[in-house]
Colleague: 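Here it is: the structure, laid out below.
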Amino acid sequence: MGSTGTAATAGPAGGRERRGASDAVGVALLGACAAWALITAGVHGGTPEGMLLAVLAVAAGYAGGRICGALLPVAAPCAGALAGLTLAVTAPRLTLGPASLLGHAGAAAGLLILSAGAACCAAWAARTPASRVALRVLAAGIAAVSAALGSPAAFAGCALVLLCSLAAAHVRRRALGLAGLAAVTALLTGVSLTVAEDVLPDGLTASLEGRLGRQRVLLWRDALGLAAREPVLGVGPGRFGEVSPAVARNLLADGKPHSAPLQQASEQGLVGVALLAAVFCWLLYALWRSPRSAQVVLSAGAALTALTAVATVGNALSVTSVTAAAGLLAGIATARPLPDGSEHPGGSGGADGAVGVRPTFP
């Protein structure tokens, strides 16, 4: 009896210590990303402001999400979903039309996907069945808006996030779900690299190029060539447009390779790629250690994974509103709701996703 009481007392404290360690790792990684951008800019020139702004947006969004998620575990993600939907629909630079195939379409798609994920998180945190149904209808409505705006990527991402969120009801251990999401991200990144290296069979390459666009594939191959030329430091942050032959030949190009991993590889070398991957892994680790339910965690993880899929073939992470929204969603999903604002017991669970049990950590 005494040992049980001791474990119950030590459990929450141990959980707070582990979350504190996770936060410290996140701060260190984001700081390393900022420092590396300054180092590569100092060696090769360039403009590190974009990376610094992205780091600041993620950090601010994550901190704000932790606060809002603790105070308003249902209202905060619901408001975030509506704000993201409004921004994606009304912001003039986030058009989804065909002319913006290589422009800001990925940013709008990313915002819509994150909005659907936030709605799903709010649904699992809601207290009443009617509220949960209404919030899932909101997520489905965001997917419908994506289709109406003519964004197949956003529609597919929103639909997959909603399906993953519903399937999370049957997942008892969040670690397996998060590992699956990490594997999907690695697979998508690997496919983009094989397309850039032109090592796939001709028929498959032609099919993928038809869907991705010839200009995008040429940009990827330029990025890969630059990464091979400067594997450690890259050519400098923001300098891809200056040195890429594909950009020079296309007056409509915006100076970016339209792939976050390949942009990091070409502009900041393999170290930059490793830091980008480490930040994503840190987010998944923070979700694993989250005191929120497995359903909330997996809904947020699915949205972040869908965002990485969009970022693999577009410029989503180059837009500050997207990186801030990603940090906000991760912060909400890792916040511990206050006792007077805790989520519905039917959606509570610890690291193993056990229903109605306060979180315990191995």
Side-chain angles (χ1 to χ4, degrees), residues 15 19 22 65-66 68-81 84 113-143 157-185 283-307 326 328-339 341-362:
R19 286 192 299 278
S22 173
R66 289 286 287 268
C68 295
L71 297 174
L72 302 167
V74 179
C78 181
I113 289 169
L114 292 172
S115 298
C120 290
C121 289
W124 279 116
R127 293 176 177 272
T128 64
S131 299
R132 292 195 288 273
V133 170
L135 289 165
R136 289 184 181 122
V137 169
L138 173 60
I142 293 172
C158 292
L160 287 173
V161 168
L162 181 56
L163 290 175
C164 289
S165 178
L166 294 173
H170 305 288
V171 176
R172 312 311 300 173
R173 298 195 66 84
R174 67 180 69 184
L176 295 177
L178 292 174
L181 295 175
V184 169
T185 301
L283 288 176
L284 292 182
Y285 177 78
L287 289 173
W288 178 53
R289 287 298 185 189
S290 169
R292 303 297 297 273
S293 69
Q295 292 78 22
V296 170
V297 163
L298 292 177
S299 297
L304 293 173
T305 300
L307 174 63
L328 181 67
L329 179 60
I332 289 173
T334 56
R336 176 183 290 276
L338 297 179
S342 59
E343 56 193 303
H344 183 262
S348 309
D352 59 354
V355 174
V357 178
R358 295 300 284 173
T360 57
F361 300 96

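Atom set for the values below is all heavy atoms of this structure, side chains included, hydrogens, waters and symmetry mates excluded.
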Colleague: Please find the pair of heavy atoms, one from L181 and one from A302, that lie closest to each other, and give the distance.
Modeller: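 In this case the closest contact between L181 and A302 is CD1-N, 3.6 Å.
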Colleague: Determine yes or no for a side-chain-to-main-chain donor-acceptor pair under 3.5 angstrom, with R174 supplying the side chain and S290 the backbone.
Modeller: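 Side chain of R174 to backbone of S290: a pair is present.
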Colleague: What is the distance from atom OG1 of T305 to atom CG of L160, rounded to the nearest 0.5 Å?
Modeller: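 Spacing of OG1 (T305) from CG (L160) equals 11.0 Å.
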Colleague: Shortest non-hydrogen contact from C78 to A122?
Modeller: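 For C78 and A122, the tightest heavy-atom pair comes out as N-CB, 3.9 Å.
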Colleague: Run the side-chain donor-acceptor check on residues 133-143: report pairs under 3.5 Å with partners two or more places apart or on a different chain.
Modeller:
none

Colleague: Identify the heavy atoms of A306 and V161 that sit nearest to each other, and give their distance.
Modeller: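 Here A306 and V161 meet closest at CB-CG2, 4.2 Å.
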Colleague: Once you round to the nearest 0.5 Å, how far does CG of L166 lie from CG of L298?
Modeller: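 Result: 12.5 Å between the selected atoms.
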Colleague: Got a second to check how far T334's OG1 is from L329's CG, nearest 0.5 Å?
Modeller: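 One finds 9.5 Å between OG1 of T334 and CG of L329.
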Colleague: Between L307 and L114, is there a side-chain heavy-atom distance shorter than 4.5 Å?
Modeller: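 In contact.
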Colleague: Shortest non-hydrogen contact from P337 to R292?
Modeller: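 So the minimum-distance heavy-atom pair works out to CD-CD, 3.5 Å.
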Colleague: Are the side chains of C120 and Q295 in touch, meaning some heavy atoms are under 4.5 Å apart?
Modeller: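 Side chain of C120 against side chain of Q295, heavy atoms only: no contact under 4.5 Å found.
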Colleague: Tell me the closest heavy-atom pair linking A182 and L284, and the distance in Å.
Modeller: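 Looks like CB-CD1, 3.7 Å.
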Colleague: List the atom of C121, the atom of S299, and the distance in Å for their closest heavy-atom pair.
Modeller: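 Closest heavy-atom pair between C121 and S299: SG-CB, 4.0 Å.
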Colleague: Can any side-chain N or O of R132 pair as donor or acceptor with the backbone N or O of A126 at less than 3.5 Å?
Modeller: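 Between the backbone of A126 and the side chain of R132 there is a qualifying donor-acceptor contact (under 3.5 Å).
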Colleague: Is it the case that the side chain of R127 and the backbone of V74 share a donor-acceptor pair, with hydrogens and angles ignored and the cut-off at 3.5 Å?
Modeller: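 No.
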